[in-house]
**Student:** 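The structure under discussion is supplied below as structure tokens; questions concerning it will follow.
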2 protein chains.
Amino acid sequence: MQITKAGEYGVLGLIALARRPVGEVVMVDVLCEEEAIPRSFLGKIFQNLTKAGVVKSSRGSGGGFCLSRSAAEITALEIIEAVEGPIALQRCLETEPDCEHIGGCALCGLLTEAQDRIKEVFAKTSLADLAQRHLPNGLVQQARDRSLIPLKRDGQIGEKTNEAIFDGPLKQV
Amino acid sequence: MQITKAGEYGVLGLIALARRPVGEVVMVDVLCEEEAIPRSFLGKIFQNLTKAGVVKSSRGSGGGFCLSRSAAEITALEIIEAVEGPIALQRCLETEPDCEHIGGCALCGLLTEAQDRIKEVFAKTSLADLAQRHLPNGLVQQARDRSLIPLKRDGQIGEKTNEAIFDGPLKQV
DNA sequence: GCGAATCGGACCATTTTAGTCTTAAAATGA
DNA sequence: TCATTTTAAGACTAAAATGGTCCGATTCGC
Ligand code: FES
Ligand code: FES
């Protein structure tokens, strides 16, 4: 009953990508650093996102990934299902159920309801929403390591803040 | 992102138990047969339910399990958490989060919301609710094997129905 | 007190996660 | 054209979780 690490990284990676203007192509190394994700793992995850049509890939030098459409049009549900496969709280709720139980399975009734609620939540939040209220994970950790307090989202500055921390790959804070 | 087999069997087993009047002690073998659950597995699952105070156990001959209170007072959430541990869609949402990410993690925000919805659904359905709208799994399968159509919940009788199928351990249909 | 019945808990096999590594293919630009 | 850069694809692996069995300690009925 947990979301998998792959799903988690997928969302995080895309959030990092969504901080850029649409169409800007950025390579996986950069995204990994920003969100503190193991490099080669995110690569594999983004393959699935490419197949699902969420991002476009271009190889060779100067290559990388970019969103295939505006972040506002990409839903969290789409991302998670692209990475983890369709959400199914139980085998009987998969696209082809394998259970012989005719109508009247209370368990699957319950699970269906729960599953619908989850999907609702995931479907109604867009990648843009997420990107807006997210502080880059990796950079926050770096700040901590150097015992600095990072910039707050609202624009206030922490006591020992060093603005340079957030300078590198991303600009507006 | 799936409920585990143990959780599933736990609920199913308790539903079978809830078909009896409260306090009636019945051994695990019977429950297993009714819901088609591997015998010794359900035993282990019920251990957890005992610890959690959902059922009471008594050993020795004539022993077995019984509900510790009325089925209406037992919630699905309680059952599932007793068997699988607290519901946490991600490590950061566990009782003691291990993540260094300060405020502003969009992912965990999203996941928290989803998790709350799930818990709501599970918390609002009682074991009694479930038992009411459930056709015993194992018996349905047995009926199928003998190519009989089982009794419908609403009282209508299927074409080739054999009433005896549902006679054994459970009474009112 | 005895033997049968039943849970309790240790144990084990298989599958899934969470990654890594290597090789190939494509794009850039010198 | 050729070296370099970057993803694509997929084989491979260690570790954890799942799904389940089995036997021994208890307890009950007699
Ligand atoms: S177990 Fe298959 S429908 Fe519920
Ligand atoms: S990853 Fe820890 S709070 Fe979101």
Side-chain angles (χ1 to χ4, degrees), chain A residues 1-14 17 24-33 35-68 80 82-85 88-91 94 98, chain B residues 1-13 17 24-33 35-66 68 80 82-91 94 98:
Chain A
M1 199 68 173
Q2 275 202 175
I3 208 180
T4 146
K5 224 63 169 159
E8 178 181 333
Y9 290 156
V11 175
L12 251 28
L14 282 179
L17 192 50
E24 181 174 334
V25 60
V26 34
M27 59 193 182
V28 79
D29 284 26
V30 177
L31 301 173
C32 284
E33 197 183 350
E35 292 294 340
I37 301 172
R39 220 159 310 182
S40 17
F41 196 14
L42 191 62
K44 201 168 62 166
I45 295 167
F46 266 57
Q47 283 181 32
N48 296 323
L49 291 170
T50 308
K51 278 182 209 155
V54 177
V55 300
K56 286 180 180 176
S57 74
S58 54
R59 18 188 177 185
S61 86
F65 293 94
C66 66
L67 294 181
S68 68
I80 292 174
V83 177
E84 309 204 324
L89 250 42
Q90 203 226 3
R91 281 160 197 73
E94 283 167 5
D98 61 346
Chain B
M1 199 67 171
Q2 276 202 175
I3 209 179
T4 147
K5 223 65 168 157
E8 176 180 334
Y9 290 155
V11 174
L12 251 27
L17 191 52
E24 183 175 333
V25 58
V26 34
M27 59 194 183
V28 79
D29 286 26
V30 178
L31 301 173
C32 284
E33 199 182 348
E35 292 293 341
I37 301 172
R39 224 158 306 183
S40 15
F41 194 16
L42 190 61
K44 199 169 67 168
I45 295 166
F46 266 58
Q47 283 180 34
N48 296 323
L49 292 169
T50 309
K51 277 181 210 157
V54 177
V55 301
K56 286 179 180 176
S57 74
S58 52
R59 21 187 178 186
S61 85
F65 292 93
C66 67
S68 68
I80 292 174
V83 177
E84 308 204 325
I87 289 181
L89 249 44
Q90 203 228 5
R91 280 160 196 74
E94 284 169 5
D98 62 346

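Below, each value reflects all heavy atoms present in this structure, side chains not excepted, and no hydrogens, waters or symmetry copies.
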**Student:** With a 4.0 Å cutoff (strictly under), does any side-chain N or O of A:Tyr9 reach OP1 or OP2 of C:dG19?
**Tutor:**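 It does, given that an N or O in the side chain of A:Tyr9 lies less than 4.0 Å from OP1 or OP2 of C:dG19.
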**Student:** Over how many whole Å does the gap from B:Leu12 atom CG to D:dG19 atom P extend?
**Tutor:**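 Value for this atom pair: 14 Å.
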**Student:** Please confirm whether the shortest side-chain N or O distance from A:Arg91 to OP1 or OP2 of D:dG19 is below 4.0 Å.
**Tutor:**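 Yes, A:Arg91 has a side-chain N/O under 4.0 Å of OP1/OP2 on D:dG19.
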**Student:** Could you tabulate the donor-acceptor pairs under 3.5 Å formed by side-chain atoms of residues 35-53 of chain B, not counting sequence neighbours?
**Tutor:**
unit_1: B:Glu35; atom_1: OE1; unit_2: B:His134; atom_2: NE2; d: 3.3
unit_1: B:Glu35; atom_1: OE1; unit_2: B:Asn137; atom_2: N; d: 2.9
unit_1: B:Glu35; atom_1: OE2; unit_2: B:Arg19; atom_2: NH2; d: 3.2
unit_1: B:Glu35; atom_1: OE2; unit_2: B:His134; atom_2: NE2; d: 3.4
unit_1: B:Thr50; atom_1: OG1; unit_2: B:Phe46; atom_2: O; d: 2.6

**Student:** Rounded to the nearest Å, what distance is computed from the CD1 atom of residue A:Ile3 to the C1' atom of nucleotide C:dT17?
**Tutor:**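 Rounded to the whole Å, the gap is 14 Å.
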**Student:** Would you say A:Leu14 and A:Leu17 make side-chain contact, with heavy atoms under 4.5 Å?
**Tutor:**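 Yes; the side chains approach each other to less than 4.5 Å.
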**Student:** Going 5' to 3' along nucleotides 1-14 of chain D, which nucleotides have protein heavy atoms under 4.0 Å from the base (write B), which only from the sugar-phosphate (write S), and which from neither (write -)?
**Tutor:** ----BBBSB-----
**Student:** Let me know the distance between CG of B:Leu17 and P of C:dC7, rounded to the nearest Å.
**Tutor:**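 Nearest whole value for this atom pair: 11 Å.
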**Student:** I need the CE-P distance between A:Met1 and D:dA17, as an integer number of Å.
**Tutor:**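 Value for this atom pair: 17 Å.
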**Student:** Nearest whole angstrom, please: distance from the C1' of D:dG19 to the CG of B:Asn48.
**Tutor:**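 Whole-Å distance recorded here is 14 Å.
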**Student:** Please give, in whole Å, the distance from D:dA17 C1' to B:Glu94 CD?
**Tutor:**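 Taking atom C1' of D:dA17 as the reference, CD of B:Glu94 is at 13 Å.
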**Student:** Count the heavy atoms of every other residue, nucleotide or ligand shown that sit under 6.0 Å from NZ of B:Lys5, and state whether that count exceeds 12.
**Tutor:**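 Enclosed: over 12 neighbouring heavy atoms sit under 6.0 Å from NZ of B:Lys5.
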**Student:** Please report the distance, rounded to the nearest Å, between NZ in B:Lys56 and P in C:dC7.
**Tutor:**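 So the NZ-P distance, B:Lys56 to C:dC7, works out to 16 Å.
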**Student:** On a heavy-atom basis, which atom in B:Cys66 and which in B:Glu24 lie closest, and how many Å separate them?
**Tutor:**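 That would be CB-O, 3.3 Å.
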**Student:** Tell me: CG of B:Leu42 to P of C:dT6, nearest whole Å?
**Tutor:**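 Atom CG in B:Leu42 sits about 14 Å away from atom P in C:dT6.
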**Student:** Within the structure provided, determine whether B:Glu8 and B:Gln2 are in side-chain contact (heavy-atom separation under 4.5 Å).
**Tutor:**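 No, side chains not in contact.
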**Student:** When you measure from the side chain of A:Ser68 to the backbone N and O of A:Val54, does any donor-acceptor pair fall under 3.5 Å?
**Tutor:**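 Yes, because the side chain of A:Ser68 sits within donor-acceptor range (under 3.5 Å) of the backbone of A:Val54.
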